[in-house]
Amino acid sequence: MSFELYRKCSLKKAMVFAFIFLALHGIVMQRFIHAEGQTRFRQTFFDSVAPIKMKDPLAVLLGAINKDDVFVFTYADAVKFAGHSCPAVAGAYKSTQIALKNLYGEDVPVRGNIQVALEGGTDTKVNGPVSHIVTLITGAAPESGFKGFGEKGIHGRYNLMTFDLGKSLNPTATCSMIFQRIDNGKIVKITYFADNVPMDKRAGKLMPLVISGKASGEEVSLFGDLMQERVKTILLNPPEGTFVVSRQ
């Protein structure tokens, strides 16, 4: 074998090894970045849920974002905040999305410019968990919220989330919320009926086993997938009557 042929063969081998090394390095780094910088969700449909964009003057004032930028809330954010994905979390996210669309149309909603009242108390059905998701997105907070700046409480968020004990929630409804813009007084009411998307019968049978800890690994996995199929329908293809909009 001539020296030139040997050199060419060595160069080809070096290029092959370099390509393999770079490919493996990219795969390893991608997995590392995903594991370190992102949540690995089991359900891929989370990414299919439309995000909610919100302006936030307080965030601009305090330097978190630029004047023309917005906060982008995803259903995955709601899941992380709640610590789980369920019909209540999905209904809260979807109800808020529908309400903001009705209040602002094509304009970007303003966080901190919306007050929300839920029918019933904090312990009425799922009002408590639902209110947390609404607060995350709209900024409307109970008495524990940000008091604002100065005597006028500029950019204050507290007491924008309230519970109307004087109104009884429809027995067949999951929750009912009144959203109102502070700047112009525009109001919309969203009533959510989760039972319009019934639980899979298999999930109903598995639930006692899962809760009691007697379910097998496969049964627990199936139960979770069946639950998320219901959530997926609520978010992406809710039957008519699941979310009832009343403009006031």
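Keep in mind it's a predicted model, so treat the numbers as computed, not measured.
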Within the structure provided, determine whether Leu235 and Arg230 are in side-chain contact (heavy-atom separation under 4.5 Å). no
Rounded at 0.5 Å granularity, tell me how far CG in Asn127 sits from OG1 in Thr174. 10.0 Å
If the threshold is 4.0 Å, N to carboxylate O, is there a salt bridge linking Asp56 and Arg157? yes
Could you check whether atom CG of Asp68 has more than 12 heavy atoms from other residues, nucleotides or ligands sitting under 6.0 Å from it? no
Step-by-step side-chain contact (heavy atoms from CB on, under 4.5 Å) determination, Val110 to Asp183: CA-CA 10 Å; Val110 180; Asp183 59 346; over 6 Å; no
Provide the closest heavy-atom pair for Pro238 versus Lys94 in the form atom of the first, atom of the second, distance. CG-CE, 4.4 Å
Using atom types as modelled and distance alone, determine if a side-chain donor or acceptor of Gln180 lies under 3.5 Å from a backbone N or O of Gln115. no
Between Arg111 and Ile137 (side chain of the first, backbone of the second, donor and acceptor by atom type, cut-off under 3.5 Å), is there such a pair? yes
Determine, for Glu119 against Lys189, whether the closest basic-nitrogen to carboxylate-oxygen distance falls under 4.0 angstrom. yes
Could you report the tightest heavy-atom contact between Ser176 and Thr191, atom names first, then the distance? OG-OG1, 2.8 Å
Is Phe71 reachable from Tyr93 through a run of hydrophobic residues whose side-chain heavy atoms are each under 4.5 Å from the next? yes
To the nearest 0.5 Å, tell me how far Leu206 CG sits from Glu218 CD. 11.5 Å
Presence of salt bridge, Asp69 and Lys55, under 4.0 angstrom: no
Going by atom types alone, do Ser85 and Gln228 pair a side-chain donor with an acceptor below 3.5 Å? yes
Any side-chain to backbone donor/acceptor pair from Lys186 onto Asn102? Under 3.5 Å, distance only. yes
Considering non-hydrogen atoms only, spot the tightest contact between Gly128 and Ser131 and give its length. O-OG, 2.6 Å
Backbone N or O of Leu209 within a donor-acceptor pair of the Ser212 side chain at under 3.5 Å? yes
Do Thr242 and Glu240 have side chains that approach each other closer than 4.5 Å (heavy atoms only, starting at C-beta)? no
Can you tell if the side chain of Phe193 reaches within under 4.5 Å of the side chain of Asn170, non-hydrogen atoms only? yes
Are Leu136 and Val108 grouped together when hydrophobic residues (ILVMFWY) are joined by side-chain heavy atoms under 4.5 angstrom apart? no
I need the minimum non-hydrogen distance between Pro239 and Asn196, along with the two atoms involved. CG-O, 3.7 Å
Going hydrophobic residue to hydrophobic residue with side-chain gaps under 4.5 angstrom, can you get from Leu100 over to Leu236? yes
Is the shortest side-chain heavy-atom distance between Leu118 and Val116 below 4.5 Å? yes
Donor on one side chain, acceptor on other, Ser221 and Arg42, under 3.5 Å: yes
Please report the interatomic distance OG1(Thr74) to CG(Asp47), rounded to the nearest 0.5 Å. 8.0 Å
Please confirm whether the backbone N or O of Met199 pairs with a side-chain atom of Glu229, one donor and one acceptor, at under 3.5 Å? no
Contact check, side chains of Val134 and Met161, non-hydrogen atoms, under 4.5 Å: yes
Atom of Ile133, atom of Ala82 and distance for their closest heavy-atom approach: CD1-CB, 4.1 Å
Shortest non-hydrogen contact between Ile190 and Phe243, atoms and distance: CG2-CD2, 4.4 Å
Taking C-beta and beyond as the side chain, do Leu103 and Phe179 meet within less than 4.5 Å on heavy atoms? yes
One should read off an interatomic distance between Glu143 CD and Thr162 OG1, to the nearest 0.5 angstrom, of 11.5 Å
Please check if Ile52 and Ile65 belong to a single hydrophobic cluster, counting links between Ile, Leu, Val, Met, Phe, Trp and Tyr side chain heavy atoms closer than 4.5 Å. yes
I'd like to check Val188 versus Ser246 (side-chain heavy atoms, cut-off strictly below 4.5 Å). Are they in contact? no
Decide side-chain contact (heavy atoms from CB on, under 4.5 Å) for Val245 and Ile98; before the verdict, give the C-alpha distance in whole Å, the side-chain angles of both, and the deciding distance to 0.1 Å. CA-CA 8 Å; Val245 180; Ile98 293 171; 3.7 Å; yes
Geometric class of the Phe46/Tyr75 ring pair [parallel <30°, tilted 30-60°, perpendicular >60°]: perpendicular
Is the shortest side-chain heavy-atom distance between Glu219 and Leu222 below 4.5 Å? no
Could you check whether any side-chain N or O of Lys147 sits under 3.5 Å from a backbone N or O of Ile154, counting only pairs where one atom can act as donor and the other as acceptor? no
Rounded to the nearest 0.5 Å, the CZ atom of Phe149 sits from the NE2 atom of His155 at a distance of 7.0 Å
Side-chain heavy atoms under 4.5 angstrom apart, residues restricted to Ile, Leu, Val, Met, Phe, Trp, Tyr: same cluster for Met177 and Met54? yes
Stepwise side-chain contact (heavy atoms from CB on, under 4.5 Å) check, Val79 with Thr39: CA-CA 11 Å; Val79 172; Thr39 302; over 6 Å; no
Thr138 side-chain N/O to Ala140 backbone N/O, donor-acceptor pair under 3.5 Å: yes
Please walk me through it: do Arg181 and Asn113 pass side-chain contact (heavy atoms from CB on, under 4.5 Å)? CA-CA 6 Å; Arg181 284 180 58 165; Asn113 185 47; 4.1 Å; yes
Look at atom NZ of Lys205 and say whether more than 12 heavy atoms of other residues, nucleotides or ligands are closer to it than 6.0 Å. no
